[in-house]
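I have placed the structure first, in the form of structure tokens, so that the comments after it can refer back to it.
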Amino acid sequence: VLFFGAGQSNLGGAQLFCEALKAQGLSQEEAEGRIWLMDSKGLITSDREKLSAEKEQFAQLVAPGERNLLAVVRALQPTALIGASAQGGAFTQDVIQAMVAASDAFTAGNVQGRPIVFALSNPTSKSECTFQQAHEW
């Protein structure tokens, strides 16, 4: 899962998702390893300085070295993208199509890729994309 925006909303979501993964039998380390956070400076990685304790919990050791969302989606191939960044239009058609490609790869071609895309920012003008855009793309 890639959380786009690393403010309190997505940090809380990441913590809840981590707990859900642990309830399914994953260790804390395994659960945290499946969660990626991206803020205005790029991916949250362990080599970044001055991270808050909340961000540090999800800092990954290895990163693809990319800072823009499309490159990160292509490198990580997440099956879920959750936006709470207040960056209107950040989930472009290319980003959504890269998510579909990642989902196709995950399902090994058995079913059409249907990634999870939540654009949660308010108001709509600050939403990463609209439902209609995500659905049509």
Side-chain angles (χ1 to χ4, degrees):
V1 175
L2 174 59
F3 288 86
F4 183 70
Q8 291 304 309
S9 294
N10 266 351
L11 284 168
Q15 289 167 344
L16 286 172
F17 186 64
C18 184
E19 292 302 316
L21 290 174
K22 288 172 30 185
Q24 295 297 314
L26 273 66
S27 70
Q28 180 79 25
E29 185 176 297
E30 290 170 324
E32 290 173 356
R34 294 185 182 195
I35 298 169
W36 292 82
L37 292 168
M38 188 172 178
D39 65 11
S40 61
K41 296 178 180 134
L43 284 171
I44 306 295
T45 58
S46 57
D47 62 344
R48 295 243 321 250
E49 296 180 15
K50 300 180 183 177
L51 290 174
S52 67
E54 294 87 359
K55 287 183 181 182
E56 197 170 284
Q57 175 185 356
F58 297 106
Q60 300 293 338
L61 295 174
V62 179
E66 298 292 347
R67 296 175 69 96
N68 82 43
L69 180 58
L70 178 58
V72 168
V73 167
R74 286 179 174 158
L76 295 179
Q77 297 188 326
T79 55
L81 177 61
I82 302 171
S85 68
Q87 293 184 29
F91 294 178
T92 64
Q93 185 171 357
D94 288 341
V95 168
I96 300 300
Q97 289 175 343
M99 288 292 299
V100 171
S103 186
D104 282 344
F106 180 76
T107 60
N110 294 330
V111 294
Q112 181 182 7
R114 294 196 176 143
I116 299 166
V117 177
F118 290 135
L120 303 175
S121 294
N122 287 314
T124 306
S125 63
K126 296 198 183 257
S127 181
E128 291 79 12
C129 70
T130 65
F131 169 80
Q132 184 176 357
Q133 289 170 327
H135 183 70
E136 289 176 359
W137 294 338

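Contact check for Gln60 versus Leu43: no side-chain heavy atoms found under the 4.5 Å cut-off. At least one side-chain heavy atom of Ile35 sits under 4.5 Å from a side-chain heavy atom of Phe58. At a threshold of 4.5 Å between non-hydrogen side-chain atoms, the residues Pro78 and Val1 do not count as touching. The side-chain heavy atoms of Gln132 and His135, taken from C-beta on, include no pair separated by under 4.5 Å. The side-chain heavy atoms of Leu120 and Ser9, taken from C-beta on, include no pair separated by under 4.5 Å. Residues Gln133 and Gln93 fail the side-chain proximity criterion, which asks for heavy atoms closer than 4.5 Å. Within the 4.5 Å cutoff, the side chain of Met38 has heavy atoms near those of the Leu69 side chain.
Note that the CD atom of Gln15 and the CD atom of Glu19 stand 8.5 Å from one another [nearest 0.5 Å]. In this structure, the separation between CD on Glu49 and NZ on Lys41 is 10.5 Å, given to the nearest 0.5 Å. In this structure, Leu26 CG and Glu32 CD are separated by 11.0 Å, a value rounded to the nearest 0.5 Å. Note that CH2 of Trp137 and OG1 of Thr130 are 6.5 Å apart. Values are rounded to the nearest 0.5 Å.
Taking each heavy atom of Ser121 and Ser85 in turn, the nearest pair found is OG-N, 3.1 Å. Considering all non-hydrogen atoms of both residues, Asn10 and Leu37 come closest at O-CD2, 4.5 Å. The shortest heavy-atom contact between Ala31 and Lys22 is CB-CG, 4.0 Å.
Around atom CZ of Arg48, more than 12 heavy atoms belonging to other residues, nucleotides or ligands sit under 6.0 Å away.
Both Leu70 and Val72 are assigned to one and the same hydrophobic cluster, defined by single-linkage of ILVMFWY side chains at heavy-atom distances under 4.5 Å. A single hydrophobic cluster is not seen to contain both Leu2 and Leu11; linkage of ILVMFWY side chains at heavy-atom distances under 4.5 Å, directly or through other members, places them apart. Residues Met99 and Trp36 share a single hydrophobic cluster, defined by chaining ILVMFWY side chains whose heavy atoms lie under 4.5 Å apart. Residues Phe3 and Leu51 fall within the same hydrophobic cluster, defined by Ile, Leu, Val, Met, Phe, Trp and Tyr side chains chained together at heavy-atom separations under 4.5 Å. In terms of hydrophobic clustering, with Ile, Leu, Val, Met, Phe, Trp and Tyr side chains grouped at heavy-atom distances under 4.5 Å, Leu76 and Phe17 are assigned to different clusters.
No side-chain donor from either of Asp94 and Thr92 sits under 3.5 Å from a side-chain acceptor of the other.
Judged by distance alone, the side chain of Ser52 and the main-chain N or O of Lys55 form a donor-acceptor pair under 3.5 Å. Between the Asp39 side chain and the Ala6 main chain, no donor and acceptor come within less than 3.5 Å of each other. Ser103 places a side-chain N or O within donor-acceptor distance of the main-chain N or O of Arg114, the cut-off being under 3.5 Å.
Pairs engaging residues 118-137 under the salt bridge (Lys or Arg N to Asp or Glu O under 4.0 Å) rule: none recorded [sequence neighbours left out].
With sequence neighbours excluded, the residues that form a ring-ring contact (aromatic ring centres under 6.0 Å, His included) with Phe91 are Phe4.
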